[in-house]
Peer 1: 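The structure follows.
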Amino acid sequence: MRLRFLGKNSTPGDSPTLYASDQNSYVVQGWKVYANDLLAQLDVPEGQAIIEVPIELFEHLTKDGHSSGRIKDFAAPIMLVTEQGTCILQGPEMHDPEALSQMRMPDYETCIEVPKSSIVALLEEHRGPDHVRPA
């Protein structure tokens, strides 16, 4: 899998990053979630990972041809929004060696692969009930 870097939101020692893949997906790199209170709110099947990223990370979607990177519908793969303004995402943990070789990832981070259609759907206005549980 080949990745195209879209952007990152970094502070010293942290590096949530967004990539577009050649597999019609996005790869989202973020902090591993260890907080039991957050994990207790989620059903995490085998092979899935939970990561935390700043909501601003999605602003980099404009570099993939979207007119905006503003999230309007907080639904899966976004599972929770924290009081700090970060998102908790869930998805298949990335294990592709070619993709991983293109990334710089500290031990306290991991990445998930999400279909582009799932992320693009979050950019559209949702007219139903709120699906996001506060963290």
Side-chain angles (χ1 to χ4, degrees):
M1 173 186 295
R2 297 294 306 155
L3 300 178
R4 184 169 46 88
F5 174 81
L6 295 178
K8 65 186 338 181
N9 288 68
S10 294
T11 58
D14 294 323
S15 54
T17 309
L18 183 63
Y19 301 90
S21 82
D22 63 354
Q23 305 291 314
N24 202 29
S25 63
Y26 289 112
V27 175
V28 185
Q29 176 182 335
W31 305 295
K32 294 177 183 177
V33 174
Y34 296 105
N36 287 335
D37 59 329
L38 293 176
L39 293 173
Q41 297 178 54
L42 303 171
D43 177 27
V44 186
E46 178 111 11
Q48 298 269 308
I50 304 296
I51 61 171
E52 183 175 1
V53 300
I55 190 86
E56 296 84 14
L57 182 65
F58 297 105
E59 293 171 2
H60 299 293
L61 289 170
T62 58
K63 298 171 189 165
D64 198 38
H66 301 286
S67 60
S68 168
R70 186 171 159 260
I71 302 297
K72 297 179 183 175
D73 182 19
F74 291 92
I78 296 176
M79 307 308 288
L80 303 167
V81 177
T82 70
E83 292 176 3
Q84 295 76 29
T86 60
C87 296
I88 306 298
L89 286 88
Q90 179 175 329
E93 188 166 15
M94 170 63 66
H95 293 289
D96 183 283
E98 181 184 10
L100 292 171
S101 73
Q102 299 168 65
M103 306 169 77
R104 291 180 56 204
M105 193 163 26
D107 291 342
Y108 54 86
E109 292 184 354
T110 193
C111 58
I112 62 172
E113 182 181 9
V114 182
K116 280 190 176 185
S117 59
S118 295
I119 297 292
V120 171
L122 302 177
L123 303 176
E124 300 168 358
E125 198 71 46
H126 179 68
R127 304 238 185 257
D130 184 10
H131 294 288
V132 176
R133 298 176 298 249

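Small disclaimer: the values here were computed from a predicted structure and weren't measured.
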Peer 1: Can you list everything that forms a side-chain contact (heavy atoms from CB on, under 4.5 Å) with P45? Sequence neighbours excluded, please.
Peer 2: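 For P45, the residues satisfying side-chain contact (heavy atoms from CB on, under 4.5 Å) (neighbours in sequence not counted) are Q48, Q90.
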
Peer 1: Checking E59 now: which residues fulfil side chain to side chain donor-acceptor pair (under 3.5 Å) with it, not counting sequence neighbours?
Peer 2: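 Checked E59 against side chain to side chain donor-acceptor pair (under 3.5 Å); zero matches.
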
Peer 1: Could you work out the complete set of other residues in the hydrophobic cluster of V120, with links drawn between I, L, V, M, F, W and Y side chains under 4.5 Å apart?
Peer 2: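 Members besides V120: none; it forms no cluster.
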
Peer 1: In chain order, what residues pass the salt bridge (Lys or Arg N to Asp or Glu O under 4.0 Å) check against E98, with sequence neighbours excluded?
Peer 2: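 E98 satisfies salt bridge (Lys or Arg N to Asp or Glu O under 4.0 Å) with R2 only.
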
Peer 1: For E52, give me all partners under side-chain contact (heavy atoms from CB on, under 4.5 Å), at least two apart in sequence or on another chain.
Peer 2: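 E52 satisfies side-chain contact (heavy atoms from CB on, under 4.5 Å) with W31, V33, T82, T86, I88 once adjacent residues are dropped.
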
Peer 1: Do you know the tightest heavy-atom contact between V53 and P16?
Peer 2: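 Closest pair (atom of V53, atom of P16, distance): CG1-CB, 4.1 Å.
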
Peer 1: What's in the same ILVMFWY side-chain cluster as Y19, cut-off under 4.5 Å, chained through other members?
Peer 2: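 Noted: Y19 shares its cluster with M1, L3, F5, V27, M94, L100, M103, M105.
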
Peer 1: Is the shortest side-chain heavy-atom distance between L122 and P77 below 4.5 Å?
Peer 2: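 Result yes, sub-4.5 Å side-chain heavy-atom pair found.
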
Peer 1: More than 12 heavy atoms of other residues, nucleotides or ligands under 6.0 Å from CZ of R4: yes or no?
Peer 2: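 Yes, the 6.0 Å shell around CZ holds more than 12 heavy atoms from other groups.
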
Peer 1: Got a donor-acceptor contact below 3.5 angstrom from the K63 side chain to the L6 backbone?
Peer 2: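 At least one qualifying donor-acceptor pair exists.
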
Peer 1: Within a strict 4.5 Å, meaning less than it, do heavy atoms of the V81 and I55 side chains meet?
Peer 2: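 Side chain of V81 against side chain of I55, heavy atoms only: no contact under 4.5 Å found.
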
Peer 1: Mind checking side-chain contact (heavy atoms from CB on, under 4.5 Å) for A121 and listing every partner two or more places apart, or none if nothing turns up?
Peer 2: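 Once residues adjacent in sequence are excluded, A121 has no partner under the side-chain contact (heavy atoms from CB on, under 4.5 Å) criterion.
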
Peer 1: Please find the pair of heavy atoms, one from N9 and one from P54, that lie closest to each other, and give the distance.
Peer 2: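 Of all heavy-atom pairs spanning N9 and P54, the closest is CB-CG, 4.0 Å.
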
Peer 1: Check side chain to side chain donor-acceptor pair (under 3.5 Å) between T17 and all other residues, then give those that pass, not counting sequence neighbours.
Peer 2: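 Applying side chain to side chain donor-acceptor pair (under 3.5 Å) to T17 gives none.
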
Peer 1: Side chain to side chain donor-acceptor pair (under 3.5 Å) with K116: which residues, sequence neighbours excluded?
Peer 2: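 Result, side chain to side chain donor-acceptor pair (under 3.5 Å) vs K116: D64.
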
Peer 1: Can you name the residues that form a side-chain contact (heavy atoms from CB on, under 4.5 Å) with A49, not counting sequence neighbours?
Peer 2: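 Here the qualifying residues are E93, T110, I112.
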
